[in-house]
Protein chains: 4
Amino acid sequence: MTPAPGADHRKQPRRRGAALNSAIFEAVRAEIAESGYAALTMERVAERARASKASLYRRWPGRAALVLDAAYDVMPNDSSVPDTGSLRGDVLALMRQIVRLLDGVLGEAMLGLLGESLQNPEAAAQIREFGRGNMVRTMREIVGRAVARGECDASLVTERRLEAGPALLRHRVLFSGLPVGDDYLQEVVDDVVLPLFGVRPARRPETSPEG
Amino acid sequence: MTPAPGADHRKQPRRRGAALNSAIFEAVRAEIAESGYAALTMERVAERARASKASLYRRWPGRAALVLDAAYDVMPNDSSVPDTGSLRGDVLALMRQIVRLLDGVLGEAMLGLLGESLQNPEAAAQIREFGRGNMVRTMREIVGRAVARGECDASLVTERRLEAGPALLRHRVLFSGLPVGDDYLQEVVDDVVLPLFGVRPARRPETSPEG
Amino acid sequence: MTPAPGADHRKQPRRRGAALNSAIFEAVRAEIAESGYAALTMERVAERARASKASLYRRWPGRAALVLDAAYDVMPNDSSVPDTGSLRGDVLALMRQIVRLLDGVLGEAMLGLLGESLQNPEAAAQIREFGRGNMVRTMREIVGRAVARGECDASLVTERRLEAGPALLRHRVLFSGLPVGDDYLQEVVDDVVLPLFGVRPARRPETSPEG
Amino acid sequence: MTPAPGADHRKQPRRRGAALNSAIFEAVRAEIAESGYAALTMERVAERARASKASLYRRWPGRAALVLDAAYDVMPNDSSVPDTGSLRGDVLALMRQIVRLLDGVLGEAMLGLLGESLQNPEAAAQIREFGRGNMVRTMREIVGRAVARGECDASLVTERRLEAGPALLRHRVLFSGLPVGDDYLQEVVDDVVLPLFGVRPARRPETSPEG
DNA sequence: CTCTAAACGAGACGGTACGTCCAGTCTTCGG
DNA sequence: CCGAAGACTGGACGTACCGTCTCGTTTAGAG
């Protein structure tokens with residue numbers, strides 16, 4: 001009844017380094033896809049990856065850091081800044097990019113991590129870097145190009161205005177629980193972002209703040 | 001070996017009903033104040049309140065519901081809609097009200113619950129009602145009055161524009177980890193909210209255009 | 001894949017107190033009988049007893065204390081002092097009693113505990129009481145009766161002489177690894193114990209020290 | 001995030017063969033002296049010796065064998081058979097030799113190994129040779145000389161009588177936890193060993209019967 | 001005022017996961 | 001190309017909570 005210590009099931013050679021890392025990341029994502037972030041357990045990840053808990057803890061101090069890396073691992077780095085020729089097109093493209101990114105395992109991971117960071121302030125800083133800044137930074141670039149094109153006036157570009165679009169998008173994702181449809185994105189762009197930068201929206205010409 | 005069951009130390013009478021409820025709420029808030037939401041445990045709350053875990057579970061299904069009620073219990077209901085006579089004043093007053101509310105135990109509780117809801121979608125709906133809607137609803141009333149005063153045009157009032165201010169405020173609280181200073185609130189109002197509703201900002205009242 | 005938390009297998013009411021204790025002791029003994037003391041694990045005992053590890057650790061601080069109690073639980077208290085009418089008969093009866101006691105699960109447990117105590121001096125004191133003293137104490141009584149009968153002289157009774165028989169028995173059990181046959185016991189009695197107390201052995205009359 | 005694999009700290013040349021062996025033995029003894037046998041770990045020994053666990057396992061199959069060798073390594077081979085001219089003197093000298101040997105790291109190691117052997121019967125045989133037999137064998141030689149000297153009668157020499165002294169000594173060391181004083185040794189010799197071999201004890205040499 | 005039923009405190013109970021430690025094996029790479 | 005270094009799997013450790021339960025005790029309210 002005592003399991004023979006030599007009774008080993010593996011035949012494939014022992015994985016190390018990067019190969020093991022990948023297997024672990026895969027397991028993390030599978031667990032998140034199956035049961036969600038909250039149900040994710042170091043123990044189950046280890047079992048699923050056919051790794052030992054020690055190997056997990058040797059690499060990451062805890063669940064959050066592990067999920068963080070597993071998410072980064074699939075983060076597409078093709079998040080090039082859109083350039084459609086118009087501010088409206090660029091902002092919409094950026095928002096669609098983000099929405100697409102958040103749909104699926106990566107989104108589940110990010111929501112879970114955000115939840116974690118809200119409860120555990122010490123881990124928050126690290127996690128915060130994860131998805132943050134990027135969107136505002138991209139907004140800055142997009143708007144900068146619009147200014148260069150003469151589409152909007154440089155004096156209108158302030159930090160808060162750049163944040164408005166991202167903030168509304170996150171607001172929707174975090175608080176409504178509803179899917180983010182393209183209608184919503186267009187409303188954000190046409191009702192808020194474009195007016196803030198003095199650009200007349202294409203869709204609702206009557207809604208210009210310059211009454 | 002079994003400890004004597006009658007070895008009781010208490011002399012204060014056993015609490016029930018509302019008195020016990022209050023003691024439990026108090027314990028919840030003390031735990032949050034001391035150790036934060038993440039470290040809050042049914043076990044510790046019970047011990048601190050000198051109550052039994054059974055008494056907790058008889059009243060609430062779990063940690064989230066308990067904290068929710070404990071937070072409601074101290075929620076000031078003086079959150080009357082500000083009426084300062086100007087859109088700028090009203091929005092600023094509202095935001096300051098919110099910021100004050102989030103400062104302290106109540107804020108910690110709300111952040112924790114939000115984190116919970118991000119990881120546990122089934123409890124999310126209930127929690128979402130907690131602090132949500134109110135701010136946008138109040139914004140609607142405030143802006144409605146501004147329209148009635150002729151301060152801004154009714155056609156500019158859309159759902160997204162009403163959400164913009166609240167969204168930026170939450171964005172700041174949730175993602176920056178920085179304290180929300182009054183400067184920040186003024187920037188939000190002057191750079192984003194007022195422009196969206198077609199009101200000319202007057203950041204410095206003493207340099208008001210009504211000179 | 002997540003096991004439903006309510007999926008409980010038990011139908012019999014939850015055991016507590018003595019009933020649970022008994023089940024745990026049973027499991028301990030079964031484990032020892034199957035795999036020996038060294039392979040005994042808190043985890044396996046808990047599983048076998050359908051108890052939780054917490055229930056084990058609530059009662060005993062560790063493996064040694066648990067096994068100790070489980071052994072005591074089956075220790076026959078019929079270890080009445082033999083009284084056969086002769087010193088030789090009494091000593092032999094006592095030794096056979098001990099040997100019988102050590103044969104089986106109880107012996108395995110005692111050897112394991114002794115091993116434990118040799119490596120862990122702090123737990124040694126407690127364990128040492130377990131099987132010790134009794135044998136020497138019984139020897140004292142037996143020899144006392146022999147003195148009273150006039151079988152031997154009181155001046156010969158010293159502490160070391162009383163210990164000699166027990167020491168040889170333990171020496172055999174601990175160091176030889178061989179089974180303790182009745183031949184061995186008779187040799188101990190006739191070659192050592194009886195001569196030390198000046199009693200002429202019945203079996204080997206030629207081996208008297210009173211040459 | 002993966003630690004650099006080539007981060008090596010060593011500067012001193014790699015030890016091999018006997019040099020490494022000595023370093024390992026030294027580490028074993030240092031660990032035993034510091035923390036005792038129970039706390040000794042292959043891992044800690046390897047670290048302390050600046051060796052790898054593989055190097056340990058290549059040389060010894062496990063902890064017991066390693067400690068065994070480390071103990072042998074410091075075992076004084078001056079354990080020459082005492083020859084004082086009298087049985088009493090010889091037996092006392094032998095016992096003092098043993099007691100001195102057991103005092104310190106070597107004793108701790110031997111106790112630990114004995115404990116090991118009690119729990120792990122398969123390793124017991126090997127360990128049993130360690131300290132055993134020698135003492136009885138020496139006793140045989142000592143008593144043989146006493147017979148040759150005419151100090152005692154050959155017919156009294158039996159295996160059990162030869163074992164009695166060693167058994168009492170071990171009994172004391174293993175079960176009492178008390179230090180073995182010279183008083184105790186003299187009692188063993190005068191009350192048990194000498195009578196068994198028909199030699200009149202002479203506890204106080206100055207009141208010797210050869211007056 | 002007495003009696004009963006509910007609420008209560010206390011905390012044991014079966015579970016699950018935690019993060020750590022060590023045994024023994026296997027891979028890699030330096031000397 | 002041997003062997004030192006150490007990463008790897010596996011599994012037990014002892015702890016902390018979870019949510020349920022049993023047990024007496026206390027309290028409030030009905031009779």
Side-chain angles (χ1 to χ4, degrees), chain A residues 3 5-10 13-17 20 39-44 46-47 49-59 61-63, chain B residues 2-3 5-10 13-17 20 40-44 46-47 49-59 61-63, chain C residues 2-3 5-10 13-17 20 39-44 46-47 49-59 61-63, chain D residues 2-3 5-10 13-17 20 40-44 46-47 49-58 61-63:
Chain A
D8 206 336
H9 34 77
R10 277 174 294 103
R14 208 179 260 181
R15 300 150 305 175
R16 302 167 54 119
L20 183 51
L40 184 124
T41 288
M42 298 301 265
E43 213 127 27
R44 288 167 69 88
E47 189 188 7
R50 303 193 75 67
S52 69
K53 286 202 292 176
S55 295
L56 263 52
Y57 283 104
R58 201 177 300 121
R59 291 172 162 78
R63 194 170 66 143
Chain B
T2 311
D8 205 337
H9 36 79
R10 277 174 296 105
R14 202 178 266 180
R15 301 147 307 176
R16 308 168 54 121
L20 182 51
L40 183 125
T41 304
M42 297 301 264
E43 210 123 25
R44 290 163 70 93
E47 190 188 7
R50 303 193 71 70
S52 71
K53 287 202 294 174
S55 297
L56 263 54
Y57 282 104
R58 201 177 297 123
R59 290 169 163 78
R63 190 171 69 146
Chain C
T2 311
D8 206 336
H9 34 77
R10 278 174 293 104
R14 211 179 256 179
R15 300 152 305 176
R16 299 167 57 117
L20 183 51
L40 183 123
T41 287
M42 297 301 265
E43 212 126 30
R44 288 167 69 89
E47 189 188 7
R50 302 191 78 62
S52 68
K53 285 202 294 175
S55 295
L56 264 52
Y57 283 105
R58 202 177 297 123
R59 288 172 165 78
R63 196 171 64 144
Chain D
T2 311
D8 205 338
H9 37 76
R10 278 173 296 101
R14 199 178 269 180
R15 301 150 307 176
R16 311 168 56 122
L20 184 51
L40 182 126
T41 317
M42 299 300 264
E43 207 122 24
R44 291 164 69 94
E47 189 187 7
R50 305 193 73 70
S52 73
K53 288 204 293 174
S55 299
L56 263 54
Y57 280 104
R58 197 175 304 117
R63 189 171 67 148

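Chain identifiers are assigned alphabetically (A, B, ...) following the order of the sequence lines, protein sequences preceding nucleic acid strands; residue numbering begins at 1 within each chain. The shown structure was predicted, so the numbers you read here are calculated from the model rather than taken from an experiment.
Nucleic acid contact class of Ala51(A) (heavy atoms, under 4.0 Å, all strands): sugar-phosphate only.
Between Ser52(D) and dG3(F), a side-chain N or O to OP1/OP2 separation shorter than 4.0 Å is absent. Regarding contacts with the backbone of dC8(F), a side-chain N or O of Arg58(A) is found under 4.0 angstrom from either OP1 or OP2. Phosphate proximity of dA4(F) to Ser55(D): present, with a side-chain N or O under 4.0 Å from OP1 or OP2.
One can place CG of Leu56(C) at 14 Å from P of dA12(F), the figure rounded to the nearest angstrom. Rounded to whole Å, the distance from CG on Leu20(B) to C1' on dA28(F) is 15 Å. Rounding to whole angstrom units, CZ of residue Arg50(A) and P of dG11(F) are separated by 11 Å.
In terms of modelled atom types and a separation under 3.5 Å, the side chain of Arg44(C) and the main chain of Leu40(C) share no donor-acceptor contact.
Across Ser52(C) and Ala46(C), no two heavy atoms sit closer than the pair C-CB, 4.0 Å.
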> What string of B, S and - do you get for nucleotides 13-20 of chain F, 5' to 3', when a contact is any protein heavy atom under 4.0 Å?
Replying inline: BBB-BBBB
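Put simply, CZ on Arg63(A) and CE on Met42(A) are 9.5 Å apart, with the number rounded to the nearest 0.5 Å.
Not counting sequence neighbours, Glu47(B) has no partner by the salt bridge (charged side-chain N to carboxylate O under 4.0 Å, His left out) test.
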